[in-house]
Amino acid sequence: MNESILTDAELVLLSLICEQPQHGYQIEQEIAGRNMGAWTTLSTSSIYYVLQRLEEKGFIEAAAPDPTKKGIPRKVYRITPEGEKAWKGATLQALSRPKITSTNFLMGLHNLWNIPPGEALEAVESYREWLQKDLQRQREELENLGLSFFPLDVLFEYGFVLGDAELSFLDDLINRLQEMAGDS
């Protein structure tokens with residue numbers, strides 16, 4: 001399989017439903033509770049649209065709301081055998097051939113050649129300060145949540161390793177820009 005049959009948003013929702021049948025609001029709460037917004041672009045407003053697409057593809061099915069329950073009637077979604085097959089294939093694809101994500105930071109690095117070193121230095125130092133604070137915030141959130149079970153711990157560990165590597169890269173870049181600004 002060269003290309004995943006699931007979008008990233010579909011894989012996120014299908015993964016949560018694969019764990020246990022859930023309704024849309026539960027899924028929204030899981031995404032928030034697991035801090036999945038830090039690494040997925042799935043917005044709250046698109047959850048129901050993506051659920052509808054998964055249902056149309058036959059990957060999930062919804063049970064009719066229980067009329068005996070009080071409160072807002074909610075459809076509870078469960079994964080189908082075809083959905084399990086798609087989920088497994090997309091998960092293995094993501095592990096074996098991850099997408100290389102590009103950011104506008106890469107475009108900023110590409111354009112450094114025409115930015116005065118002092119201005120570039122100020123911008124990079126600002127980003128480094130933000131990244132350092134954000135990593136600290138994420139570490140504290142993880143500690144407060146007490147989520148230290150497999151595989152969630154490796155997901156966060158991966159993010160921290162990447163963040164720490166980026167801080168190291170930024171330190172080197174800042175040193176080079178400081179040297180260049182001193183030469184100007």
Side-chain angles (χ1 to χ4, degrees), residues 4-66 68-80 82-95 98-105 126-167:
S4 177
I5 58 172
L6 297 175
T7 65
D8 289 344
E10 289 172 334
L11 181 56
V12 167
L13 294 190
L14 201 56
S15 296
L16 292 171
I17 295 168
C18 190
E19 290 177 17
Q20 69 177 22
Q22 299 182 54
H23 55 72
Y25 183 70
Q26 280 176 291
I27 292 169
E28 182 182 332
Q29 296 303 305
E30 284 293 321
I31 290 170
R34 296 181 189 194
N35 198 25
M36 293 170 83
W39 52 266
T40 182
T41 59
L42 184 65
S43 68
T44 302
S45 62
S46 64
I47 289 173
Y48 293 95
Y49 171 74
V50 175
L51 287 170
Q52 180 182 347
R53 276 199 335 235
L54 289 169
E55 196 171 15
E56 288 169 359
K57 289 181 176 184
F59 295 155
I60 61 173
E61 56 190 15
D66 185 347
T68 62
K69 288 195 175 184
K70 294 181 179 180
I72 300 170
R74 300 180 195 266
K75 289 200 277 187
V76 174
Y77 296 93
R78 69 175 189 81
I79 195 164
T80 64
E82 189 62 32
E84 284 186 37
K85 183 179 173 185
W87 166 81
K88 183 178 182 181
T91 299
L92 291 173
Q93 171 102 17
L95 289 169
K99 292 178 188 173
I100 297 174
T101 53
S102 61
T103 67
N104 65 349
F105 182 68
S126 174
Y127 173 52
R128 188 197 185 289
E129 181 180 332
W130 173 85
L131 179 60
Q132 189 170 28
K133 286 179 183 176
D134 192 57
L135 285 169
Q136 182 60 37
R137 178 194 57 76
Q138 289 182 44
R139 284 183 168 105
E140 288 170 2
E141 278 184 16
L142 181 61
E143 189 175 311
N144 290 337
L145 291 172
L147 301 175
S148 60
F149 55 88
F150 185 84
L152 199 55
D153 57 344
V154 294
L155 176 67
F156 280 97
E157 183 180 332
Y158 178 73
F160 295 144
V161 167
L162 291 179
D164 291 339
E166 189 161 0
L167 284 174

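The OG1 atom of T80 lies 11.0 Å from the NZ atom of K85; values are rounded to the nearest 0.5 Å. Atoms OG and CG, on S15 and L6 in that order, are 8.5 Å from each other to the nearest 0.5 Å. The structure places CD of Q132 at 12.5 Å from CD of E166, a figure rounded to the nearest 0.5 Å. Atom CD1 of I17 is separated from atom NE2 of H23 by 11.5 Å, given to the nearest 0.5 angstrom.
Scanning all heavy atoms of the two residues, the minimum distance from L11 to A90 falls at CD1-CB, 3.8 Å. Contact record, G163 with L131: O-CD2, 4.0 Å, taken as the closest heavy-atom pair. Between G159 and L135, the shortest heavy-atom distance links the atoms O-CD2, 4.4 Å. What you find for A62 and K75 is that their closest heavy atoms are CB-CD, 3.7 Å. The nearest pair of heavy atoms linking I60 to Y77 is CD1-CD2, 3.4 Å. Of all non-hydrogen atoms in P21 and V76, the two that sit nearest each other are CB-CG1, 3.7 Å.
Looking at heavy atoms from C-beta onward, Y48 lies in side-chain contact with L51 at the 4.5 angstrom threshold. A 4.5 Å side-chain heavy-atom check between L54 and I79 finds every atom pair outside the cut-off. Under the 4.5 Å side-chain criterion, counting only non-hydrogen atoms from C-beta, F59 is not in contact with E10. Using a 4.5 Å heavy-atom threshold, the side chains of V50 and V12 count as separate. In this structure, Q26 and R74 have side chains that are not in contact, with every pair of non-hydrogen atoms separated by 4.5 Å or more. Between R139 and E143, every side-chain heavy-atom pair lies at or beyond the 4.5 Å cut-off. For the pair T7 and R53, the minimum side-chain heavy-atom distance is below 4.5 Å.
For CZ of F105, the number of neighbouring non-hydrogen atoms (other residues, nucleotides, ligands) closer than 6.0 Å is greater than 12.
Between F160 and F156, the angle of the ring planes lies from 30° to 60°, which puts this pair in the tilted group.
Residues passing the side-chain contact (heavy atoms from CB on, under 4.5 Å) test with E140, sequence neighbours excluded: Q136.
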Derivation of the side-chain hydrogen bond (donor to acceptor under 3.5 Å, both in side chains) call for Y25 and Q29: CA-CA 6 Å; Y25 183 70; Q29 296 303 305; 3.2 Å; yes
Stepwise salt bridge (charged side-chain N to carboxylate O under 4.0 Å, His left out) test for K133 and E129: CA-CA 6 Å; K133 286 179 183 176; E129 181 180 332; 3.1 Å; yes
